[in-house]
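Written out below as structure tokens is the structure these notes cover.
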Amino acid sequence: MNAPSPCPAEALLRQLFDRAVEVADPMRSLAAALPPKPAGRVVVVGAGKASARMAEAVEAVWGPCEGLVITRYGYARRCQGIEIVEAAHPVPDRAGQEATARMLALLQGCGADDFVLALISGGASALLVSPAEGVSLAEKAAVNAALLASGAPIDRMNTLRKHLSRVKGGQLAAAAYPAQMLCLMISDVPRDDPAMIGSGPTVGDASTAAEALAVLTEWQIAVPDNVRAALARPTGVIAPADLRLSRVTNQIYAAPAQSLQAAADLARAQGLSVQILGDALEGEAREVASAQAALARQVQAGLRPGDAPVLLLSGGELTVTRRGDGIGGPNAEFCLALALALQGADGIHALACDTDGVDGAAEVAGAVIGPQTLAKAQALGLDLAAALVRNDAHSAFGSLGAQVVTGPTLTNVNDFRAILCLPPQPPA
């Protein structure tokens with residue numbers, strides 16, 4: 001039996017999301033940022049959900065290269081010379097730890113005449129894993145899982161991650177010194193701070209271990225005594241002015257704003273009026289959904305028959321404080337809370353997806369909703385309010401047939417949210 005065709009509004013929203021992903025594809029976007037291949041020894045390293053695709057794009061221009069890149073399971077690409085290793089995300093595993101150790105050893109063999117190209121994208125925080133002294137991989141994984149469930153914003157999470165690591169916070173770049181390094185990055189963080197992308201393995205950081213300890217307190221994250229002891233020892237995080245970072249250039253070549261703008265341009269070409277609410281929105285997913293539902297209602301109430309539809313676009317990285325035992329992620333939870341807040345408002349449709357194709361830990365990018373979402377749920381006996389309480393948005397949208405499943409997109413420019421407000425139909 002064939003799946004039902006999406007309604008025109010949902011098809012348009014999906015088209016806009018696909019455009020946002022397309023312009024951030026490294027095979028389309030990386031070459032412009034790549035310099036001519038240097039003479040002498042060149043080593044390519046990297047980590048993240050887009051890193052294998054980035055490596056593929058590098059070799060499409062430079063030809064076969066020496067190197068090692070770590071990506072998420074299922075995200076590997078066939079490269080000519082660069083070795084691709086798959087590891088776990090969002091909670092690190094032994095494969096990531098072993099590959100990181102090999103990467104550090106490779107860099108420590110570089111000299112002043114060598115050139116290192118680093119490729120960093122979202123997901124590197126989990127994929128590059130080398131726990132601080134006295135901290136086991138299992139303990140590091142448990143801390144990471146607790147962070148993800150805490151609702152802490154990405155900058156606070158990454159501060160703690162850096163001070164529990166021997167590779168983050170500039171330490172990857174320090175390992176390559178005195179080689180020259182260029183780090184090309186795809187941003188998946190609000191405000192495109194290079195120090196936050198993948199926990200900044202090539203970027204110096206002025207934060208302190210005391211600030212990392214404060215994250216544990218503020219977000220009520222329980223850790224073993226030896227994890228606290230590790231934070232009490234001198235940090236390995238590299239200060240921004242450290243000599244070992246003096247030969248590093250960090251460059252963001254793809255960012256959420258570019259993808260939102262590409263979607264906006266496509267929408268305007270199809271006759272829509274577009275409002276970009278920002279590319280760096282943060283906050284609890286259900287709270288942001290409530291605010292955007294109110295805005296969408298206000299916008300839609302001001303439309304008259306014949307007016308252009310209005311599209312509300314936003315990006316950033318929302319969070320979920322895990323209260324229940326369901327299967328969810330910030331984009332699906334946003335859509336679930338939005339549907340409940342809109343209460344079937346006529347003429348309002350929405351999509352929220354992570355551009356990497358993975359919302360939370362599920363192999364689902366996000367979801368779509370429309371005026372009939374609540375009615376469909378009621379007909380199926382689904383209690384969407386109870387699903388929100390359980391953080392079970394993916395299960396709810398799976399039952400509704402409203403999930404957006406892309407598979408690996410091979411890029412990552414954070415979340416994409418689009419709310420389409422249609423004008424009322426003219427009277428018959």
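Computed from a predicted model, the values in this text were never measured in an experiment.
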**OP:** Search all heavy atoms of L281 against all heavy atoms of S314 and return the closest pair with its distance.
**Re:** CD2-CB, 3.9 Å
Original post:
Can you tell me if T235 uses its side chain to pair, donor with acceptor, with the backbone of L231 under 3.5 Å?
Top reply: no
Original post:
Are N391 and E333 close enough that some pair of their side-chain heavy atoms sits under 4.5 Å apart?
Top reply: yes
Original post:
Going through the distances and angles, do T71 and V85 end up as a side-chain contact (heavy atoms from CB on, under 4.5 Å)?
Top reply: CA-CA 6 Å; T71 195; V85 177; over 6 Å; no
Subject >> Ring-face cation contact, F334 with R286, 6.0 Å cut, 45° max >> reply: no
Original post:
For the side chain of T208 and the backbone of E211, is there at least one donor-acceptor N/O pair under 3.5 Å apart?
Top reply: yes
**OP:** Considering only NZ, NE, NH1 and NH2 on the basic side and carboxylate oxygens on the acidic side, decide whether R156 and E218 come within less than 4.0 Å.
**Re:** no
Original post:
Could you give all pairs that pass the salt bridge (Lys or Arg N to Asp or Glu O under 4.0 Å) test and reach residues 403-413, with sequence neighbours left out?
Top reply: none
Original post:
Which heavy atom of P90 sits nearest a heavy atom of A126, and at what distance?
Top reply: O-CB, 3.2 Å
Original post:
Looking only at atom types and distance, does a side-chain atom of E59 sit under 3.5 Å from a main-chain N or O of G81, one as donor and one as acceptor?
Top reply: yes
Original post:
Without hydrogens or angle criteria, can the side chains of R161 and S199 be said to hold a donor-acceptor pair below 3.5 Å?
Top reply: no
Original post:
Is the backbone of V44 close enough, under 3.5 Å, to the side chain of E66 for a donor and an acceptor to pair up by distance?
Top reply: no
Original post:
Is there side-chain contact between V43 and L68, with at least one heavy-atom pair below 4.5 Å?
Top reply: no
Subject >> Check ion pair R191-E282 (N to O, under 4.0 angstrom) >> reply: yes
Original post:
Is a donor on one side and an acceptor on the other found under 3.5 Å between the side chain of T373 and the backbone of A339?
Top reply: no
Original post:
So, R28 and E22, do they make that salt bridge, N to O below 4.0 Å?
Top reply: yes
Subject >> Side-chain donor/acceptor of W62 to backbone N/O of P35, under 3.5 Å >> reply: yes
**OP:** Return yes if a side-chain donor-acceptor contact under 3.5 Å exists between D415 and N331, otherwise no.
**Re:** yes
Original post:
With a 4.5 Å limit on heavy-atom distance, are the side chains of M54 and S121 in contact?
Top reply: yes
Original post:
Looking just at side-chain N and O atoms, do T202 and N250 make a donor-acceptor pair shorter than 3.5 Å?
Top reply: yes
Original post:
Is there a side-chain contact between I238 and D205, using heavy atoms and a 4.5 Å cut-off?
Top reply: no
Original post:
side-chain contact (heavy atoms from CB on, under 4.5 Å) between L313 and R417: does it pass, once the steps are laid out?
Top reply: CA-CA 6 Å; L313 286 178; R417 292 177 295 276; over 6 Å; no
**OP:** Mark yes or no for whether K49, through its side chain, and L410, through its backbone, hold a donor-acceptor pair below 3.5 Å.
**Re:** no
Subject >> Where G74 and E86 come nearest, the two heavy atoms and their spacing >> reply: N-OE2, 2.7 Å
Original post:
Counting only N and O atoms by type, is there a donor-acceptor contact under 3.5 Å from the side chain of S187 to the main-chain atoms of A255?
Top reply: no
**OP:** Kindly state each residue pair satisfying ring pair (Phe, Tyr, Trp, His ring centres under 6.0 Å) with at least one member in residues 8-34, sequence neighbours excluded.
**Re:** F17-F416
Original post:
Just checking, any donor-acceptor pair under 3.5 angstrom between side chains of Y177 and D242?
Top reply: no
**OP:** Would you check if there is a donor-acceptor pair between the side chains of Q97 and D93 at a distance under 3.5 Å?
**Re:** no
Subject >> Under-4.0 Å salt bridge between R166 and E133 >> reply: no
Original post:
Rounded to the nearest 0.5 Å, what separation is found between the CD1 atom of I419 and the CG atom of L351?
Top reply: 10.5 Å
Original post:
Within a reach of under 6.0 Å around CD of Q372, are more than 12 heavy atoms found that belong to other residues, nucleotides or ligands?
Top reply: no
Subject >> Smallest separation among heavy atoms of G326 and D392, with atom names >> reply: CA-OD1, 3.4 Å
Original post:
To the nearest 0.5 Å, how far apart are CZ in R14 and CG in L12?
Top reply: 12.5 Å
**OP:** Might you point out which heavy atoms bring A152 and T319 nearest each other, and give the distance in Å?
**Re:** O-CG2, 3.6 Å
Original post:
Does the side chain of S165 come within less than 4.5 Å of K140's, by heavy atoms?
Top reply: yes
Original post:
Going by atom types alone, do T411 and D25 pair a side-chain donor with an acceptor below 3.5 Å?
Top reply: no
Original post:
Hey, mind stepping through L160 and L213 against side-chain contact (heavy atoms from CB on, under 4.5 Å) and telling me if it holds?
Top reply: CA-CA 7 Å; L160 181 57; L213 277 167; over 6 Å; no
Original post:
Looking only at atom types and distance, does a side-chain atom of H163 sit under 3.5 Å from a main-chain N or O of A132, one as donor and one as acceptor?
Top reply: no
**OP:** Only counting residues at least two apart or in another chain, list the ones meeting side chain to side chain contact (heavy atoms under 4.5 Å, CB included) with V91.
**Re:** A141, A145, L148
Original post:
Do side-chain atoms of D114 reach the backbone of A179 as a donor and acceptor pair under 3.5 angstrom?
Top reply: no
Original post:
More than 12 foreign heavy atoms under 6.0 Å from CD1 of I327: is that the case here?
Top reply: no
Original post:
Given side chains that start at C-beta, do those of Y253 and P26 come closer than 4.5 Å, heavy atoms only?
Top reply: yes
**OP:** Kindly indicate, with the supporting measurements, whether the criterion side-chain contact (heavy atoms from CB on, under 4.5 Å) is fulfilled by D155 and D193.
**Re:** CA-CA 9 Å; D155 60 337; D193 182 355; over 6 Å; no
Original post:
Rounded to the nearest 0.5 Å, how far apart are CD of Q251 and SG of C183?
Top reply: 9.5 Å
Original post:
Are side-chain heavy atoms of Q180 and V116 found at a separation under 4.5 Å?
Top reply: no
Original post:
Out of curiosity, L104 CG to Q171 CD, how far, rounded to the nearest 0.5 Å?
Top reply: 9.0 Å
**OP:** State the CG-CD1 distance between D188 and I186, to the nearest 0.5 angstrom.
**Re:** 9.0 Å
Original post:
Under 6.0 Å from the CG atom of D307, do we count more than 12 heavy atoms belonging to anything else shown?
Top reply: yes
Original post:
Between atom SG of C65 and atom CD1 of I82, what is the distance when rounded to the nearest 0.5 Å?
Top reply: 5.0 Å
**OP:** Kindly indicate whether the side chain of V129, heavy atoms from C-beta on, has any atom under 4.5 Å from the side chain of N144.
**Re:** no
Subject >> Closest contact, heavy atoms only, V69 versus S51 >> reply: CG1-OG, 3.1 Å
